[in-house]
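Below is one structure; the comments refer to it alone.
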Protein chains: 2
Amino acid sequence: MERPVGSKRVTLAQVAELAGVSVMTASYTYNRPRRVSDEARSKVLAAAAQLGYAGPHPSARSLRRGSTGTLGVVMGERLTYAFDDPQAVSFLAGIADICADRGYGMTILPITGAADDILRIRDAAVDGFVVWTTSDDDPIIAAVQAIKRPAIVHGGPAVHGLGLVSIDNRAAARAVGAVAFAGAKRPAVVSFPLDRNRVSGITRGVDTTAVRFPVTRERLEGYRQATEDTGIAWGEVVIAVCARNDAAEAESAAATLLTSAEPPDAIAAMSDQVAAGVMRAARAVGRVIPDDLAVTGWDDGPVAAELGLTTVAQSLRDQGAACARVALGQKPSSQAASWSIIRRGSTRH
Amino acid sequence: MERPVGSKRVTLAQVAELAGVSVMTASYTYNRPRRVSDEARSKVLAAAAQLGYAGPHPSARSLRRGSTGTLGVVMGERLTYAFDDPQAVSFLAGIADICADRGYGMTILPITGAADDILRIRDAAVDGFVVWTTSDDDPIIAAVQAIKRPAIVHGGPAVHGLGLVSIDNRAAARAVGAVAFAGAKRPAVVSFPLDRNRVSGITRGVDTTAVRFPVTRERLEGYRQATEDTGIAWGEVVIAVCARNDAAEAESAAATLLTSAEPPDAIAAMSDQVAAGVMRAARAVGRVIPDDLAVTGWDDGPVAAELGLTTVAQSLRDQGAACARVALGQKPSSQAASWSIIRRGSTRH
DNA sequence: CTGTTAGCGCTTTCAC
DNA sequence: GTGAAAGCGCTAACAG
C-alpha cells in the first residue's frame with residue numbers, strides 16, 4: 001500500500017495497534033526478532049506492510065539508544081578539495097573499509113571555510129570524528145575538542161583530548177632529504193603552504209616556528225636537518241611555497257627556480273604530484289634528472305612509480321583505517337604510522 | 001571545565017537552570033540567538049561553558065524537527081570501490097558541492113554486498129538518498145523505494161517513485177559507435193559486467209535483454225545499432241566482458257582479442273580506463289592506432305585527453321550535483337543530462 | 001522578549 | 001514470550 005502523499009509518518013504504535021500487539025512486541029520485531037513468537041512477528045510485519053511503515057525512525061532510535069552508528073569525517077576547507085587529492089581519497093577509502101566492516105555510516109561534514117563550519121560540526125549526528133590534517137589555529141580543532149566525543153586527528157596538530165595518527169614527518173623528511181641533497185651544492189624545497197592564508201612565493205630558510213601546518217612544519221624541519229647534515233646552512237636553501245598540492249602550480253614555481261641565476265641542483269617536494277610538476281619543468285628547460293637535478297617526492301603514489309621518483313612511502317589508506325578504528329572506540333595504538341624511503345632513478349647514485 | 005569521564009551528558013535543561021532562565025530561552029540561544037536578549041544569551045553561554053555543554057543533541061533535535069540535515073549516498077557493492085573509480089569520485093564531488101552550499105552533511109552508506117545492506121539503508125538518519133547506478137534486481141533499490149523519502153538514482157534503473165539522472169546512454173553509444181566502427185570490418189566491444197555476478201569472458205552478440213545493469217544494457221544496444229548501421233550483424237560482434245572498470249583487466253582481455261584468429265579492427269570501450277588498457281595491449285602487439293585498430297572510450301576524463309582518445313564526454317560532477325539537488329527536495333528537471341562526442345586521434349579520419 | 005505545555009518515535013527497564 | 005510505564009533531549013506552538 002502506498003502511503004498517501006502528505007499523510008503523517010506511520011509510527012510503530014500504529015503498526016502495533018493494527019497487529020493487535022503491544023508497541024514493545026512491534027519494537028522487538030525489528031530489533032530482537034528472535035525474542036518474539038513467529039506468530040506475533042508475522043502479524044507485525046503484515047501490519048507494517050499494510051500501513052507502509054518504513055521502519056523505526058532513525059533519529060528517535062538514536063536519541064533513545066544514545067548512539068548514531070555514524071562516523072563523522074572533517075576534510076578541511078572546501079569539502080570538494082578532498083576529492084581532488086588522490087592521497088585524501090585513499091585516506092577516505094581506508095575509513096570506508098572500517099566503516100563498511102562495522103556497519104557504520106560515514107558522514108563527510110560540509111566544510112566551506114566559513115565561520116559557521118563549527119556549527120556544522122557541533123550539530124553533526126555522529127558518534128566520533130576523524131579530522132584530516134589541518135593547521136594549529138584551525139577553529140575546527142577547538143570545535144571538535146569541545147564536543148567531547150571520540151575524535152582523532154590525522155597528521156596534526158596534536159591537541160589535548162584528541163588522538164593522533166601520523167608518521168614521523170620530521171624523521172621521514174630528514175631521511176628523504178639526505179637522499180635528495182646528497183652531493184648537492186644548492187638544495188631547494190617545494191613546500192605546501194605555511195598557513196591557512198596559503199600565500200605562495202619563493203623565499204629562503206623559512207622560520208619553521210612560524211609555520212602553522214604541523215605536517216608542513218615538521219617536514220621543513222626534517223629537510224633543514226638534512227641540509228645542515230650536508231654542511232649547508234638553512235638560510236641558503238630556497239623554498240618555493242605552493243598554495244595547493246597541484247602539479248601545474250609546482251611546475252611553474254620550479255620553472256622559476258630553474259631559470260634563476262643560481263638554479264638548484266636538488267629539489268625535495270612534499271608530494272609526488274608536486275615532484276611530477278618539478279620534473280616536467282626540469283625537462284622543459286633541458287635539465288637531466290638526476291645528473292643536473294635530483295628530485296624527491298612524497299607518498300609513493302602511482303605517479304612515483306611511473307616517473308621513477310625517489311619518495312617517502314606511506315599508506316594513507318592504512319592511516320585512514322587506523323583513524324576510523326580509534327574514532328569508533330578502539331584503543332589507540334601508541335605507535336606512529338610506518339614509512340620508508342623508496343629509492344628510484346630521480347636521485348643520484 | 002572538563003566533563004569528568006563517565007558523567008552523564010549535560011542537557012539544555014541543566015544549562016537553563018544554572019543560567020536562571022527557562023529551557024526555551026536556552027534553546028533560542030542556540031537556534032534563534034537574535035530572539036534572546038543579550039543578557040540572557042550571555043548568561044546561557046556562560047552556564048554552558050561552565051558545565052561543558054556540547055550543544056544541542058543532534059538526534060534529539062532531528063527527532064523534534066523532523067529532518068536530519070544529511071543526505072545519504074549509496075555507492076553500490078563494496079563502499080571502497082567508489083573511491084577507486086575516478087568517475088565515481090567526480091560524482092561524489094558534485095554531491096559534495098551541493099551539500100557544502102546548503103550546509104548538509106553527506107553520509108556515505110556502508111554497503112558490503114551482504115544481505116543486511118538493506119537494514120543499513122532503512123536505519124540511515126538521512127533526509128534523502130542518492131543511489132549510484134546499479135542493476136535492475138539490486139535489493140537496495142527496493143529498500144530505498146520502501147523508505148519513502150526523496151531519492152534519486154544515477155544512471156539506472158528507472159523505477160517508480162525514484163527520480164533518475166542520466167544521459168541517454170543508448171544514443172551516446174550509437175553515436176560513439178558510429179565513429180569507432182566507421183570503415184571497420186570486425187568491430188568489438190569491451191563491456192562492463194552484464195549482471196551482479198560480474199562474470200568476465202568473451203562472447204558474441206550478447207542478448208541485451210538479459211543484461212541486468214541498465215546503463216550497460218543501453219550502451220550495448222547503442223553499439224548494436226551502430227554496428228547494424230554499418231551493415232554488420234550483432235551476432236558477429238565480439239564482446240569482451242570485464243568484471244571491473246579496470247585498465248589492467250581490460251588490457252589482458254584486449255590482448256586475447258588482438259591475438260585471436262580474427263582480431264578486431266575497432267574496439268568501443270565503456271570507459272576511458274578500459275580504453276587505455278586496450279590501447280596498451282594494442283601497442284604491445286604492434287598495432288597502430290587508429291590505422292590497424294580504432295579505439296573509443298567513455299567519460300572524457302583526463303586520461304582521454306592524454307591518450308588522444310575519441311570518447312563520450314559527460315560530466316559526472318554535474319550529474320552528482322543534479323542528483324543532490326533533487327534528493328534535497330528540488331523539483332527534478334525532466335531533461336536528460338548532456339553528453340557529446342569528442343573526436344581525437346584514436347579513431348579513423 | 002520569555003515561559004509553559006506537549007509531545008517528536010522509540011526502546012530501556014522491570015514486571016508479569 | 002509479552003506488556004506498561006517512563007523518558008532519551010529537544011523545540012513547535014502558543015501564551016503572556
Side-chain angles (χ1 to χ4, degrees), chain A residues 3 7-44 47-48 51-69 119 122-127 147-149, chain B residues 3 7-44 47-48 51-69 119 122-127 147-149:
Chain A
R3 178 173 56 113
S7 70
K8 304 209 67 154
R9 166 180 259 280
V10 179
T11 70
L12 196 53
Q14 294 169 46
V15 172
E17 189 181 355
L18 179 61
V21 299
S22 78
V23 191
M24 276 322 299
T25 300
S27 176
Y28 287 139
T29 299
Y30 285 94
N31 300 305
R32 307 258 180 84
R34 324 168 28 158
R35 210 182 137 158
V36 172
S37 67
D38 288 356
E39 190 197 336
R41 191 180 15 203
S42 52
K43 279 196 294 187
V44 169
L51 292 173
Y53 179 61
H57 184 116
S59 298
R61 164 181 272 178
S62 295
L63 173 59
R64 188 62 247 235
R65 297 230 258 231
S67 77
T68 63
L119 298 182
R122 195 192 71 189
D123 297 343
V126 299
D127 292 341
I147 287 184
K148 298 172 182 168
R149 273 174 267 174
Chain B
R3 181 172 55 114
S7 72
K8 303 211 66 156
R9 165 179 260 280
V10 180
T11 69
L12 196 54
Q14 294 170 45
V15 172
E17 188 182 355
L18 179 60
V21 300
S22 77
V23 194
M24 275 321 297
T25 301
S27 175
Y28 286 138
T29 298
Y30 285 93
N31 298 305
R32 307 261 181 83
R34 324 169 28 160
R35 212 182 136 158
V36 172
S37 68
D38 288 356
E39 192 196 333
R41 186 171 3 149
S42 51
K43 280 196 294 188
V44 170
L51 293 174
Y53 179 61
H57 185 116
S59 298
R61 164 182 273 176
S62 296
L63 174 58
R64 187 62 249 229
R65 296 230 257 233
S67 78
T68 63
L119 298 183
R122 195 192 70 187
D123 296 343
V126 299
D127 292 342
I147 288 184
K148 297 173 181 168
R149 273 174 267 174

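Labels below follow one simple rule: chain letters A, B, ... track the order of the sequence lines, proteins then strands, and each chain is numbered from 1. All values below come from the heavy atoms of this structure, side chains included, with hydrogens, waters and symmetry mates left out.
If you check every strand for non-hydrogen atoms under 4.0 Å, A:Y53 touches sugar and phosphate atoms only. Within the 4.0 angstrom heavy-atom criterion, only backbone atoms of the sugar-phosphate kind lie near B:R61; the bases stay farther away. Heavy atoms of A:V36 sit under 4.0 angstrom from primed sugar atoms or phosphate atoms, though from no base atom.
Between A:M24 and A:R34, the one whose closest nucleotide on DNA chain D sits nearer the 5' end is A:R34. When the nearest nucleotides of DNA chain D are assigned to B:A60 and B:Y28 by heavy-atom distance, the more 5′-ward of the two goes with B:A60. The residue among A:A13 and B:G20 whose nearest nucleotide of DNA chain C lies closer to the 5′ end is B:G20.
Side-chain contact between B:S27 and B:M24 is present, with heavy atoms from C-beta onward closer than 4.5 Å. Between A:R122 and B:P56, some side-chain heavy-atom pair lies under the 4.5 Å cut-off. With contacts defined as side-chain heavy-atom distances shorter than 4.5 Å, the pair B:Q14/B:T11 qualifies.
In this structure, a donor-acceptor pair under 3.5 Å is present between the side chains of A:S22 and A:T25.
Minimum atom distance to the side chain of B:R9 is reached by D:dG9, of the listed C:dT2, C:dT11, D:dG9. Listed nucleotides: D:dC14, D:dG3, D:dG9. Nearest to the side chain of B:L63: D:dG9. The side chain of B:R64 lies closest to D:dC10 when the candidates are D:dT2, C:dT12, D:dC10. Proximity note for B:N31 (side chain, C-beta onward) versus D:dT11, C:dG3, D:dG9: the nearest is D:dT11. Side-chain atoms of A:P56 lie closest to C:dC10 of the nucleotides C:dC10, D:dA4, C:dT2.
In this structure, B:T25 reaches the C:dG3 phosphate: one of its side-chain N or O atoms is under 4.0 Å from OP1 or OP2. In this model, the phosphate group of D:dC8 is not approached by any side-chain N or O of B:T11 to a distance below 4.0 Å at OP1 or OP2.
One can place CZ of B:R32 at 14 Å from P of D:dC14, the figure rounded to the nearest angstrom. To the nearest angstrom, P of C:dC1 lies 13 Å from CD of B:E39.
Judged by distance alone with a 3.5 Å cut-off, a donor-acceptor contact links the side chain of B:R35 to the base of C:dT2.
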Practice item. Please test A:N31 against A:R65 for side chain to side chain contact (heavy atoms under 4.5 Å, CB included), starting from the C-alpha separation and ending with a verdict. Key: CA-CA 12 Å; A:N31 300 305; A:R65 297 230 258 231; 3.9 Å; yes
